[in-house]
Amino acid sequence: MPLSAAAAMAAAMTVLVAAAVPGAAASAGTSPAAPTSGAPVPEAPVGEVVGAAPLPEADLSHHGYVSFSGGRIAIRIRSENLGPSDVTASTVRLRFSAPLAMTQELPYGCLRSAKATVLCETGGLRSGGGARQTALDLQPAGGPDEVIVRLDTVWNGGVRDTDPKNNVHQVLTPATGDVYAF
């Protein structure tokens, strides 16, 4: 999924369930989805797509470190897939407790989606394959003394993550230059 599409998905996560109703007739004044027999229409549970195959399973993992010194936030992320299925693409979201400076260069594959949010694509991640590295050097606006960095997966290639705890992190980072692992 392209990064711009992931940004749109992050803004509005909506699941649409469409089901055809057998015996429906299209005529003047009758909706094509209205049952003609008067029988009750079975409803699918919320979030479940009727007749869909089960989602493949994977385990995305994001780890790394963050430091804050000299008005710059340095972040290094190691994204990997522990399996069992491959992930065609994924997107990591980084949210900051302070807005970021308006003018700064982001690495290839990253974009801003809000004043204090950056999205970065990781590309495809093979099951048990090598990890992808993402490096960011960002400047917060206003010169805060500390920044909270929240990191999570916003797009996982349409797989079911069997252990989402290892790709969601929150790190308090004071402007001391110390390195904090996540």
Side-chain angles (χ1 to χ4, degrees), residues 1-15 47 57-83 86-182:
M1 167 180 279
L3 192 55
S4 59
M9 286 190 63
M13 300 293 281
T14 305
V15 177
E57 293 182 357
D59 182 12
L60 294 179
S61 172
H62 305 295
H63 295 287
Y65 65 88
V66 59
S67 66
F68 184 20
S69 175
R72 308 292 297 181
I73 304 169
I75 302 171
R76 302 298 179 261
I77 306 167
R78 176 184 165 92
S79 300
E80 61 185 324
N81 175 12
L82 305 175
D86 292 345
V87 173
T88 57
S90 72
T91 302
V92 171
R93 174 175 49 192
L94 296 119
R95 294 177 289 168
F96 301 90
S97 60
L100 300 173
M102 292 304 292
T103 307
Q104 58 188 304
E105 188 173 329
L106 294 175
Y108 178 79
C110 294
L111 62 80
R112 288 179 72 152
S113 68
K115 289 180 182 181
T117 304
V118 173
L119 301 174
C120 295
E121 64 180 346
T122 66
L125 298 170
R126 289 191 341 253
S127 173
R132 294 285 181 104
Q133 305 287 331
T134 304
L136 296 108
D137 183 29
L138 304 171
Q139 181 180 6
D145 293 331
E146 64 185 25
V147 174
I148 297 172
V149 179
R150 294 175 184 90
L151 181 137
D152 64 342
T153 301
V154 71
W155 172 248
N156 63 7
V159 300
R160 187 172 72 86
D161 194 335
T162 57
D163 183 14
K165 293 182 297 273
N166 61 0
N167 62 29
V168 176
H169 305 283
Q170 179 171 306
V171 183
L172 172 63
T173 311
T176 60
D178 295 325
V179 176
Y180 297 90
F182 59 85

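Model, not experiment: these values are computed from the prediction. Heavy atoms only: backbone and side chains are in, while hydrogens, waters and symmetry mates are out.
Classification of R93 and D152 as a salt-bridged pair holds, one side-chain N sitting under 4.0 Å from a carboxylate O.
A donor-acceptor pair is defined here as one N or O able to donate and one able to accept, closer than 3.5 Å; no such pair exists between the side chain of D59 and the backbone of L82. Looking at S97, its side chain does come within 3.5 Å of a backbone N or O of I148 through a donor-acceptor pair. Of the possible polar contacts, one joining the T122 side chain to the S90 backbone as a donor-acceptor pair under 3.5 Å is found. Between the side chain of D137 and the backbone N or O of A74 there is no donor-acceptor pair closer than 3.5 Å.
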*Apply side-chain contact (heavy atoms from CB on, under 4.5 Å) to the pair Y180 and V149, showing each step before the final yes or no.*
CA-CA 11 Å; Y180 297 90; V149 179; over 6 Å; no
*Show your working on side-chain contact (heavy atoms from CB on, under 4.5 Å) between Q170 and R95 and close with a plain yes or no.*
CA-CA 9 Å; Q170 179 171 306; R95 294 177 289 168; over 6 Å; no
*What do the steps show when you test Q104 against R112 for side-chain contact (heavy atoms from CB on, under 4.5 Å), and what is the final call?*
CA-CA 10 Å; Q104 58 188 304; R112 288 179 72 152; 4.1 Å; yes
*Under the side-chain contact (heavy atoms from CB on, under 4.5 Å) criterion, do V171 and Y65 qualify, and how do the steps go?*
CA-CA 9 Å; V171 183; Y65 65 88; over 6 Å; no
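Annotation for E121 and Y108: closest pair OE2-CE2, 4.5 Å, computed over non-hydrogen atoms. Heavy atoms only, all atoms of each residue included: A116 and A98 are closest at CB-O, 3.5 Å. When all heavy atoms of N167 and P164 are compared, the closest pair comes out as OD1-O, 2.7 Å. The two residues S79 and I77 make their nearest non-hydrogen contact at OG-CG2, 3.7 Å. Annotation for E146 and P174: closest pair CB-CA, 3.8 Å, computed over non-hydrogen atoms. Looking at every heavy atom in both residues, N166 comes nearest to H169 through O-NE2, 3.4 Å.
Note that CG of L100 and CD of Q139 are 9.5 Å apart. Values are rounded to the nearest 0.5 Å. The CG atom of L138 sits 11.5 Å away from the CD atom of E105 when rounded to the nearest 0.5 Å. Rounded to the nearest 0.5 angstrom, L151 CG and L94 CG are separated by 4.5 Å. Here H62 contributes atom NE2 and E80 contributes atom CD; the two are 10.0 Å apart, rounded to the nearest 0.5 Å. Here the OG atom belonging to S67 is positioned 7.5 Å from the CZ atom belonging to R76, to the nearest 0.5 angstrom. To the nearest 0.5 Å, atom CZ of residue F182 and atom OG1 of residue T173 are 9.0 Å apart.
Counting only heavy atoms from C-beta outward, the side chains of T134 and V92 never approach each other to under 4.5 Å.
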